[in-house]
Structure formats: C-alpha cells, structure tokens
Amino acid sequence: MKKYSVSEVLRGVAPIGAEVTVQGWVRTRRDSGAGLSFIALHDGSCFATLQLVAAAGLANYETDVMKLSAGCSVTVSGQVVKSAGKGQDVEVTVSSLTVVGWVDDPETYPIQPKPHTLEFLREVAHLRPRTNIIGATMRVRDCLAQAVHRFFHENGYYWIHTPIITASDAEGAGDMFRVSTLDMANLPRTEAGAIDWDQDFFGREARLTVSGQLNVETYCLALSKVYTFGPTFRAENSNTRRHLAEFWMIEPEIAFADLAADAALAEAFLKYIFKAVLEERADDLAFFAKFVDKTVISRLESFVSSEFAVMEYTDAIRYLKDAKVKFEFVPDWGCDLQAEHERYLTETVVGRPVAVVNYPKDIKAFYMRMNDDGRTVAAMDILAPGIGEIVGGSQREERLDVLDARIAEMGLNRDDYWWYRDLRRYGTVPHAGFGLGFERAVMYATGADNIRDVIPFPRTPRNAKF
RNA sequence: UUCGGCAUAGCUCAGUCGGUAGAGCAAGUGGCUGUUAACCACUGGGUCGGGGGUUCGAGUCCCUCUGCCGAAGCCA
C-alpha cells in the first residue's frame with residue numbers, strides 16, 4: 001500500500017476509495033459510542049490533521065487503539081473515504097494500525113491538546129515542533145527561506161558562502177564570540193605576559209562572524225550580483241524579544257549600483273518572499289490570523305501590493321517635529337530614529353512601507369558612501385507598518401581617499417581593512433547592498449512577538465540548553 | 001547591563017486578614033451508535049522555585065539566590 005503524507009490525502013492526491021498508508025503522531029483520540037474511535041493524526045506536512053476512524057472490529061482495538069494518547073506515533077493503513085461527519089471532507093477508515101512508539105507516562109507528556117504558553121514551550125524545545133503554532137511557524141520559516149533563494153536565483157544572483165569563523169577585526173558590529181582551541185585553564189603567554197595567540201589554531205585571534213557583508217563585497221566586485229544567507233552571531237548581553245545571539249542574515253550586494261537601485265531591490269525582494277508565504281502557506285497563516293495576530297494576512301497583502309515610498313532623513317525629522325503626538329524621545333537632526341519614530345513615519349505619515357534615505361554620517365558605519373553635502377551618507381532603512389525597521393542598507397564608499405578619511409575620522413585602524421581597501425584600489429565600482437535579519441522577517445510573516453519562537457533552537461544569554 | 005513583574009498539581013491559574021491546598025484542562029477507570037481541542041460520572045495527583053529570617057504558626061510577611069517574562073539600552 002502506497003504511503004501518502006497527511007497533506008497529500010487531504011488535497012486529494014490519493015482519491016476517494018484509494019488504499020493508503022499514512023504515518024504520523026496522534027494529536028487527539030475521541031471515542032464515540034460503543035466501538036468507534038476518531039484519531040487526529042499529524043505529520044507536519046500541513047497544518048491540518050487527518051481524521052482516522054478505527055472501529056472496534058480491529059484485532060488490536062482494545063489493546064492498542066483504546067490506549068492511544070497524544071504524541072503516540074503510528075503507522076496506519078486504510079481507505080480514503082468521504083467523511084460521514086462534519087468538519088472534514090475526507091477521512092481514512094482504518095484497516096490496520098500499528099503503534100510505532102508509545103508515550104510512556106502520558107500525564108507528563110508536555111504537549112497536551114490544549115493551549116500552552118510560548119514560555120513553557122521554550123522549555124520543551126525538543127517537543128514543541130509538534131504543536132500547531134511551532135509547526136506552522138517553521139513551515140512559514142522554510143517557505144521564506146526557499147523564497148529567498150528562489151528570488152535571487154531567478155534574478156541572476158549567486159549565493160556566496162561567507163565564512164562563519166573570521167580573524168578579521170574589521171566587522172565592527174558589536175561583541176563577538178571567541179573561537180579558540182587553547183587550553184583555557186592554562187593559556188600560553190608571550191614573554192610580555194600577554195596571551196600568545198600565535199599558538200592558537202589559526203595563529204591569531206579568531207571569532208564568529210557578526211556579518212558577511214565585508215566578505216560578500218569582494219565577490220560582488222567579481223560576480224556582480226551576489227548574496228549571503230547564513231548564521232551570524234552577536235555576543236551582546238541583550239535580552240529582548242527581538243534579539244538572538246545566533247540568528248540568520250540575508251545580505252545581497254550589487255555592483256554598478258546606487259542607493260536607489262538598492263532600495264528597488266529591497267522592495268522587489270521583500271514583496272516576493274511575503275507573496276510566497278501568502279500563496280504557499282495559507283493554512284498556517286489562517287491559524288496565525290485566528291490565534292496570534294488578527295491582522296497578519298491583511299498586513300502582508302497590503303505590504304505586497306503597495307508601492308514603497310522614499311523619504312529623505314531630513315524630511316523625516318521635519319515630519320516628526322511637526323507631529324501632533326508626543327514622543328518619548330524628542331526627534332532631532334543628527335539623532336537616530338527611535339522605534340516610536342519609525343512606527344509613526346510608516347504608519348501615520350505614509351501609511352505604507354517607506355525607505356528613509358541619506359542619514360547623518362555620524363550615526364552610520366564607516367563604509368557607507370559619503371554624499372556630496374558632506375554631512376550625510378547614502379544609507380537607507382526600510383520601515384514597514386506594524387514592525388518598524390525591517391531592512392537596513394547603503395551604497396558603499398567606493399572611493400579609496402574618502403574611505404580612508406572616514407576610517408581615520410572614526411578612529412579605526414586602516415591596516416585592519418587592507419583587503420577591503422584593495423577592492424577600492426583595483427577596479428573599484430559603485431556598489432550597494434542591504435541586510436535583513438531573517439527571523440525579523442519570520443516574525444513579520446507570522447505575527448509572532450518573540451523572536452525565540454521563530455527559530456528552532458533559540459540562543460540567548462544564558463540559554464543554549466538544547 | 002538597568003528598571004519593573006512573575007515563580008502553587010503534567011499544563012493554565014485561584015488561594016481573602018498569616019491558621020496547614022483548590023478549580024479547569026490533562027491523566028486513569030467506567031459510560032455514551034459519527035466524534036470535532038466531544039460529552040457524563042468517579043479516581044489518583046502538591047517538599048507552594050532554592051536558602052535564610054520574623055512568628056505559637058508562613059503559599060501568604062522580610063532578606064537573599066536562581067530562573068522566566070516585559071520595557072529600556074544595543075541592534076538585525
């Protein structure tokens with residue numbers, strides 16, 4: 001008997017009357033009257049469960065079927081039939097049921113057929129994928145990840161695997177995790193008493209990357225259209241619902257391009273991946289809309305159908321100063337936009353996603369391209385209703401003399417950037433790119449309000465248990 | 001890291017004025033002729049996060065530690 005997924009049976013891939021085998025985990029069992037049990041089976045292939053109808057005539061009805069509890073794994077063969085009950089179109093009349101794995105001590109099985117708090121589910125991260133909400137989230141996460149690669153592939157971009165381990169001091173953004181094979185209880189010392197990194201694995205200090213951007217720029221200046229999509233690490237002791245110590249980042253980089261091209265790319269990209277979720281994961285989105293965030297579907301539909309606005313930072317500050325509402329932080333030219341400012345701009349001023357461009361140079365990174373006014377750089381943040389900043393990007397400084405001046409101005413060590421500077425010495429071109437925290441996108445698409453619930457195994461300060 | 005909140009049954013929670021522990025769900029047993037996170041009845045289930053203190057007596061008050069959550073900072 002051919003095996004089908006729950007999704008295939010429900011979608012009619014196995015037609016009415018077909019004999020099928022399905023395998024999965026029991027979510028609930030209901031017994032009705034003398035001699036009929038209804039089993040809700042899930043296998044992760046879609047949101048819905050498949051109803052199995054087991055009659056008392058089965059040889060192992062009393063010994064097995066009547067003992068099934070949530071979480072038991074089973075292999076079931078039977079016939080696909082039109083359901084005699086309400087609530088589902090098709091179901092499977094069981095001809096044989098084999099218990100593959102029992103749940104010992106059902107009372108302590110953490111995943112009960114009832115709502116759990118997300119905080120509790122984080123404590124059982126190894127079992128939470130069996131819940132509706134985590135299963136749905138991870139299907140959406142996969143859908144987004146596949147769409148990311150599909151978008152770039154269809155548009156001629158190459159996926160560059162930038163390194164996880166880096167010996168570069170130049171990445172800048174935040175505290176880094178150290179990578180070392182030295183014996184920490186007995187560190188080798190130089191004559192001067194410092195730790196002798198020359199004896200470490202790489203012969204120098206090494207850390208986990210906080211961004212693939214600088215590395216991917218090198219491939220951009222050869223393959224023209226490239227992107228990275230991989231894990232990044234921040235050792236910041238930040239404990240918020242929006243931060244992880246290990247998260248995935250998407251960073252495209254385009255050659256012969258300016259900030260406008262960068263913004264256009266971000267718009268096409270974001271619309272593409274969210275459209276994919278709307279088209280491919282309607283079942284999971286319906287669940288989120290019902291139980292997590294009522295606006296999630298309309299928000300995504302509005303996002304993919306609206307034309308993004310573009311707004312100068314200087315104008316944004318003026319809008320904020322003229323705003324009738326009172327902000328906790330007073331907006332002022334030269335200050336970074338606070339979350340409350342970003343929400344106001346995108347939700348109240350323009351009412352759709354907006355790219356805010358050309359920020360003061362003093363609040364942005366050294367590699368961002370200096371504008372002709374000498375006081376702003378070609379940076380952009382894309383703000384979206386309901387979330388605020390979703391993408392940050394910039395045109396990169398391609399002029400060696402200007403780059404060197406910026407490095408000096410910010411007190412950085414020019415020698416640390418020798419290979420980055422080489423890109424400006426040998427065939428430099430204008431180029432631009434942006435970064436998107438992948439989990440932020442998953443949060444936006446699912447309505448989740450804690451980032452720990454959109455990654456399989458969250459890594460946060462004092463938490464790496466699983 | 002700073003500020004605030006929380007910690008009681010497998011889960012979600014109640015517990016009044018300090019007087020010796022409760023409910024719903026889950027689990028177990030039985031019932032019900034097609035159920036929809038079924039329904040009905042009964043049963044079992046607790047070192048009240050750890051440590052210390054006040055008190056005749058602490059789930060309850062105080063101190064401390066740990067963990068979790070939220071906001072801020074930082075950022076993606």
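Side chains are part of it too, since the values below use all heavy atoms of this structure and drop only hydrogens, waters and symmetry mates. Convention: sequence-line order gives letters A, B, ...; per-chain numbering from 1. Worth saying up front: this structure is predicted, and the values here are computed from it rather than measured.
Closest approach to the A:T28 side chain among B:G67, B:G34, B:A37 is made by B:A37 (side chain taken as heavy atoms from C-beta onward). If you check B:G28, B:A76, B:C11 against the side chain of A:P106, the one that comes closest is B:G28.
Using a 4.0 Å heavy-atom distance criterion, A:H116 is classed as a sugar-phosphate-only contact. Heavy atoms of A:Q213 sit nowhere under 4.0 angstrom from any nucleic acid atom. No contact: A:D105 has no heavy atom under 4.0 Å from any strand. Within 4.0 Å of A:R29, counting heavy atoms only, lies no atom of the nucleic acid at all. Residue contacts shown for A:S83 include a base, since a base heavy atom lies under 4.0 Å away. Within 4.0 Å of A:E123, counting heavy atoms only, lies no atom of the nucleic acid at all. Among the protein residues, A:P110 comes within range of no part of the nucleic acid, since none of its heavy atoms lies under 4.0 Å from any strand. Looking at heavy-atom distances under 4.0 Å, A:F120 makes contact with sugar-phosphate atoms alone, never a base. Residue contacts for A:D31: at a heavy-atom cut-off of 4.0 Å it reaches a base atom on one of the strands shown. Among the protein residues, A:S37 comes within range of no part of the nucleic acid, since none of its heavy atoms lies under 4.0 Å from any strand. Among the heavy atoms of the strands lying under 4.0 Å from A:Q51 is at least one base atom, whether or not backbone atoms are also near.
The closest side-chain heavy-atom distance from A:Y219 to A:Y158 is not below 4.5 Å.
A cation-pi arrangement is present between A:R299 and A:Y444 under the rule of less than 6.0 angstrom and at most 45 degrees off the ring axis.
Remark: of the listed residues A:R459, A:R141, A:R452, A:R141 is the sole one forming a salt bridge (charged side-chain N to carboxylate O under 4.0 Å, His left out) with A:E439. No option in A:H149, A:H153, A:E251 other than A:H149 meets the side chain to side chain donor-acceptor pair (under 3.5 Å) test with A:Y227.
Side chain of A:H243 to main chain of A:R241: no donor-acceptor pair is present (N/O by atom type, distance under 3.5 Å, no hydrogens or angles).
With the 3.5 Å cutoff on both pairing distances, Watson-Crick and G-U pairs in RNA chain B assemble into runs of at least 3 at B:1-7 with B:66-72, B:10-13 with B:22-25, B:27-31 with B:39-43, B:49-53 with B:61-65.
Heavy-atom nearest nucleotides on RNA chain B were determined for A:N132 and for A:Q112, and the one closer to the 5' end corresponds to A:Q112.
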